[in-house]
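These notes concern the structure reproduced below.
Side-chain atoms are counted along with the backbone in the values below, which use heavy atoms only and exclude waters and symmetry mates.
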Amino acid sequence: MKRNTVLFASLLAVGVAGCQVPEERSSAPSAVSEADMPAYCRGEASAAFGVRPQDLLTLPVERSANGYSVYGQYPPEGSDVTTFECRFNGAGAFTGVNRT
């Protein structure tokens, strides 16, 4: 019985050692350069709205007191368009995309 207990304890120790907890990723969002914000916005809007990035139109970056905004729409042309806004904080970190 003691041998089985030792064997079980050894296997348990090996199993626990093999189950490593992944390193925690930083919760701080990465900064996006102002020049890259429109493309980043297209990627995020594409994922959020299920639209291909090439079917999205984004306008130039607008600065505000609170950070940056990129406005866009899909489809790129037509009368039945959906508009959206991507927001970045003052440091350039993406904070969200919403339909407007």
Side-chain angles (χ1 to χ4, degrees):
M1 179 76 172
K2 185 173 182 173
R3 179 183 162 124
N4 287 343
T5 304
V6 171
L7 179 61
F8 178 74
S10 297
L11 290 172
L12 184 60
V14 169
V16 170
C19 297
Q20 296 178 356
V21 176
E23 288 185 35
E24 197 169 310
R25 295 177 73 185
S26 171
S27 61
S30 300
V32 178
S33 73
E34 191 172 341
D36 290 337
M37 287 179 184
Y40 193 92
C41 178
R42 279 191 301 278
E44 292 296 324
S46 172
F49 307 132
V51 178
R52 298 180 322 160
Q54 58 267 37
D55 293 336
L56 298 165
L57 170 72
T58 52
L59 299 175
V61 177
E62 292 186 18
R63 282 187 179 192
S64 69
N66 299 328
Y68 304 88
S69 292
V70 176
Y71 293 94
Q73 70 179 47
Y74 62 91
E77 297 177 359
S79 59
D80 189 25
V81 300
T82 300
T83 59
F84 59 91
E85 175 189 11
C86 293
R87 291 176 315 284
F88 299 83
N89 67 18
F94 177 76
T95 59
V97 59
N98 292 311
R99 287 186 174 102
T100 54

Quick check for you: to the nearest 0.5 Å, what is the distance between [X] atom [atom1] and [Y] atom [atom2]?
X: C86; Y: E44; atom1: SG; atom2: CD; result: 7.5 Å
X: R99; Y: T82; atom1: CZ; atom2: OG1; result: 6.0 Å
X: L59; Y: Q73; atom1: CG; atom2: CD; result: 7.5 Å
X: L57; Y: T83; atom1: CG; atom2: OG1; result: 11.5 Å

Shortest non-hydrogen contact from [X] to [Y]?
X: Y74; Y: D55; value: CB-O, 3.4 Å
X: V61; Y: E34; value: CG2-O, 3.5 Å
X: P38; Y: V70; value: CA-CG1, 4.1 Å
X: S46; Y: V51; value: OG-O, 2.5 Å

Check the angle between the aromatic planes of F88 and F94 and answer parallel, tilted or perpendicular using the 30° and 60° thresholds. perpendicular

Answer yes or no: is there a donor N or O on one side and an acceptor on the other, between the side chain of T95 and the main chain of N89, under 3.5 Å? no

S69 and side-chain hydrogen bond (donor to acceptor under 3.5 Å, both in side chains): which partner among R63, E62, E85, R87? E85

Q54 atom CD: more than 12 heavy-atom contacts under 6.0 Å: yes

Taking the six-membered ring for Trp, are F84 and F49 ring centroids under 6.0 Å apart? yes

